[in-house]
Amino acid sequence: MSADMDAKAWRLRREIPAGPAPWRALAAAWNLEPRLARLAWLRGVDQPEGLAWRLDPAWTRSTDPHLLSGVDAAVARIRRAVEARERIVIYGDYDVDGVTATAVLVRALERLGADVSYFIPNRFSDGYGLHLDCIQDLKATRQPDLLISVDCGVRSVEEVKASSELGLDWVITDHHALGQELPPACAVVHPHLDGYANPFLAGVGVAFKLAQALLGAVPHPTGADATFLDGMLKLVAIGTVADVMPLVDENALLVRRGLDSLGGKNGPGLAALLRAAKKEGALGGQDVAFGLAPRLNAVGRMGGAEDAVRLLLTRDPAEAETLMDRVEALNQERRAIQEDLAARLPRPEDTAFDLVLDPTAHKGVIGIVAGHRMRATGRPAGVCTVVDGVAHCSLRAPEGYDLGSLLALAQPFLLGGGGHRAAAGLSFEPSRLAFVRQALQRGAADQAAGREIPPLLLDGGHADLPGDADLARLEPFGQGFAPPLARLEGNVASSAAFGADHWKLRLAGTPDPLTWFAGRERPSQPAIGERLCVAAVPQGSDRWGRSWLVETPLGEATP
């Protein structure tokens, strides 16, 4: 192995005890190929019923939406608005979760005959969440009676209070962290309230549950409602995977049904999106994460996200192609800007927190670049830009860190900030960069002091993984149910570069080709005859068969 490779320590996901295979009961209960049952067992599934969400995703297993806090009050207010022909505006968000949630509620309300439109704030001019100037503009231009938030709003107490003075009612649907006080809306629909059975719903999942209740398809949909809602689950699958929500329990059921629906007939917008991503046949969670989601996300990253919603809603094939061309162009532009920023930033230093500022960085890509730097170093990272004299930063942290605590330490120097343990944002005056950096570095060093870097968790060698058709039975793979990851080792039999960003390899003894995406933190191109030991994910294709996507070079196994 080349000396410049940053090899990762690894171990099996779970220690396999001596004696009879502990996954035998899973294999027998679901008629699984033993290697597939072993894969599920390695992910913590010990009892046959734990696989029912994936292997038998019947509607009857899903949770009655009326058990979700706030749904009853939301349904009553929205139905009153529909019957009275009140104007309804869906107030969405610019990420994939937000645009899919917007499309779900628009479709459901159209089915009820509502007078409905939607609004997506602009990442650059409006920012995330509810904003009073946007609400005032909607009041002046559209004169709504009821606004419904999706994927935002649960902390917007003052904005909802101010809206009531304008004669506007709100129904809030969200899944982000709750504040100390709920906004005074007609209803707040949120999966973290009152012990709901599935606290992992994405914003689009919350919108879907509300849509199901509005249609009266409870406790479970049947007939035409079931057909309609299975179509909506296509959007639930895309938004849930894109928002990196755990694909366990009911989320696994909803996403699995959505993926199955995506593999069938689709409307013009989704069909165009699948063609652009070169996806055909049965889809998996990783097809959504790396094929569909980045394209939809690029629209909001580069400006307004309305085109993403239009693409999902259009019934006109010609309009779908025009919109998809626009989306694809924005995605290519986003990729070029992202790569340019990554190339011109200084390499991460050996510090506890990697914080860099580029005053000309594009605000829409700083979070992606921060994530790449975090994964390259295994330490928290932040990338900042300057907009109107204020530094805006996106922060990312690996498992074991808490960005919320770090932001609290830097609070005296900040103008604003917030987020979650693994992802956050902040703003400050550029002259205070050194103070912010020092506070974050000290806090990260303290957190790292008691933190062990976990080894990479593998499922064994390439022969330990079943075929692609068997693997598809366990979909969706993603957050909370990791994609298969195998250890591949051998001498390089062939090595070819494709463009500037990836290589195609073959290892002696491994029948399928490997793809390795290059980057600033990657090693040089492997040479013929070189010995490689890498972790790789299987990539199944109806057209091309199995190949492997290299994640990282591997070092020694750890206990």
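- Taking every heavy atom of both residues into account, Leu407 and Gly417 meet most closely at CD2-C, 3.9 Å.
- Evaluation of the side chain to side chain donor-acceptor pair (under 3.5 Å) rule for Arg335 yields no partner, not counting sequence neighbours.
- The two residues Leu247 and Arg54 have their closest heavy-atom pair at O-NH2, 2.8 Å.
- Remark: the backbone N or O of Ser149 is paired with a side-chain donor or acceptor of Thr173 at under 3.5 angstrom.
- Here Ile90 contributes atom CD1 and Ile120 contributes atom CD1; the two are 9.5 Å apart, rounded to the nearest 0.5 Å.
- Using a 4.5 Å heavy-atom threshold, the side chains of Pro191 and Asn198 count as separate.
- One finds the CG atom of Leu68 at 8.5 Å from the CG atom of Leu193 (value rounded to the nearest 0.5 Å).
- At least one side-chain heavy atom of Trp548 sits less than 4.5 Å from a side-chain heavy atom of Arg546.
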**Arg87 vs Asp145, salt bridge (Lys or Arg N to Asp or Glu O under 4.0 Å): CA-CA, chis, key distance, verdict** = CA-CA 5 Å; Arg87 290 191 179 97; Asp145 302 286; 5.7 Å; no
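- How far CG of Leu132 is from CD of Glu159: 7.0 Å, rounded to the nearest 0.5 Å.
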**CA sep, side-chain torsions, deciding dist, call: Val299, Asn331, side chain to side chain contact (heavy atoms under 4.5 Å, CB included)** = CA-CA 7 Å; Val299 187; Asn331 189 45; over 6 Å; no
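- Val206 places none of its side-chain heavy atoms less than 4.5 Å from the side chain of Asp151.
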**Request:** Report the C-alpha separation of Val365 and Val383 in whole Å, then their side-chain angles, then the decisive distance to 0.1 Å, and conclude whether the side chain to side chain contact (heavy atoms under 4.5 Å, CB included) test is met.
**Result:** CA-CA 9 Å; Val365 304; Val383 178; over 6 Å; no
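- Not a single ring pair (Phe, Tyr, Trp, His ring centres under 6.0 Å) links His220 to another residue, sequence neighbours left out.
- Using a cutoff of 4.0 Å between basic side-chain nitrogens and carboxylate oxygens, Arg310 and Asp307 are scored as salt-bridged.
- Between the side chain of Arg257 and the main chain of Leu233, no donor-acceptor pair closer than 3.5 Å is present.
- The side-chain heavy atoms of Val82 and Leu214, taken from C-beta on, include no pair separated by under 4.5 Å.
- In this structure Cys152 satisfies the disulfide bond (SG atoms under 2.5 Å apart) test with no other residue, sequence neighbours excluded.
- Partners of Thr63 according to the side-chain contact (heavy atoms from CB on, under 4.5 Å) rule, which considers only residues two or more places apart in sequence or in another chain, are Leu67, Tyr196, Ala197, Lys209, Glu250.
- Two residues are said to be in side-chain contact when any heavy atoms from C-beta on lie closer than 4.5 Å; Gln338 and His372 meet this criterion.
- In terms of the side-chain contact (heavy atoms from CB on, under 4.5 Å) criterion, residue partners of Asp316 (sequence neighbours excluded) are, by chain and number, Thr314, Ala318, Glu319.
- Residue pairs meeting the salt bridge (Lys or Arg N to Asp or Glu O under 4.0 Å) criterion with at least one member in residues 129-140, sequence neighbours excluded, do not occur.
- Using a 3.5 Å distance cut-off with no hydrogens or angles, the side chains of Thr360 and Arg344 do pair a donor with an acceptor.
- Closest approach of Leu262 and Leu270 over heavy atoms only: CD2-CD1, 4.1 Å.
- Under the salt bridge (Lys or Arg N to Asp or Glu O under 4.0 Å) criterion, the residue pairs touching residues 93-107 are Arg107-Glu110, with sequence neighbours excluded.
- Residues that satisfy the salt bridge (charged side-chain N to carboxylate O under 4.0 Å, His left out) test with Arg111, not counting sequence neighbours, are Asp225.
- Between Arg301 and Glu333, no side-chain nitrogen of the basic residue sits less than 4.0 Å from a carboxylate oxygen of the acidic one, so the salt-bridge criterion is not met.
- Annotation: side chain of Cys384 is not in contact with side chain of Ile366 (no heavy-atom distance under 4.5 Å).
- Remark: Glu328 pairs with Arg295 by the salt bridge (charged side-chain N to carboxylate O under 4.0 Å, His left out) rule, at least two apart or across chains.
- No donor-acceptor pair under 3.5 Å is formed between the side chain of His192 and the backbone N or O of Ala177.
- Contact record, Pro221 with Gln212: CD-NE2, 3.5 Å, taken as the closest heavy-atom pair.
- Atom CG of Leu283 sits about 10.0 Å away from atom CG of Asp260, to the nearest 0.5 Å.
- In this structure, Leu296 and Ile238 have side chains that are in contact, with non-hydrogen atoms separated by less than 4.5 Å.
- Closest approach of Arg315 to Pro317, counting heavy atoms only: O-CD, 3.5 Å.
- Annotation: the span from Ile148 atom CD1 to Leu210 atom CG amounts to 6.5 Å, rounded to 0.5 Å.
- Annotation: side chain of Val99 is not in contact with side chain of Tyr94 (no heavy-atom distance under 4.5 Å).
- With sequence neighbours excluded, the residues satisfying side chain to side chain donor-acceptor pair (under 3.5 Å) with Arg275 are Glu321.
- For the pair Asp325 (side chain) and Thr322 (backbone), a donor-acceptor distance under 3.5 Å is absent.
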**Request:** Could you please spell out the steps behind the side chain to side chain contact (heavy atoms under 4.5 Å, CB included) verdict for Thr100 and Leu312?
**Result:** CA-CA 8 Å; Thr100 52; Leu312 297 175; 4.0 Å; yes
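- Listed by chain and residue number, His175, Ala202, Thr240, Asp243, Asn251 satisfy the side-chain contact (heavy atoms from CB on, under 4.5 Å) test with Met245 (two or more places apart in sequence, or in another chain).
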**Request:** Take Ser261 and Arg256 through the test side chain to side chain donor-acceptor pair (under 3.5 Å) and record every step on the way to the result.
**Result:** CA-CA 9 Å; Ser261 293; Arg256 177 57 186 261; over 6 Å; no
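- Under a 3.5 Å cut-off, the side chain of Tyr91 and the backbone N or O of Cys134 do not form any donor-acceptor pair.
- In terms of heavy-atom proximity, Gln143 sits nearest to Ala140 at CG-O, 4.4 Å.
- Residues passing the side-chain contact (heavy atoms from CB on, under 4.5 Å) test with Thr227: none are found, sequence neighbours excluded.
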**Message:** What verdict does the side chain to side chain contact (heavy atoms under 4.5 Å, CB included) test give for Leu229 and Trp59, after you've listed the backbone C-alpha separation in whole Å, the side-chain angles of each residue and the deciding distance to 0.1 Å?
**Reply:** CA-CA 10 Å; Leu229 289 169; Trp59 273 120; 4.2 Å; yes
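- A distance of 6.0 Å separates CG of Leu215 from CZ of Phe228, quoted to the nearest 0.5 Å.
- At least one donor-acceptor pair closer than 3.5 Å links the side chain of Gln286 to the backbone N or O of Phe477.
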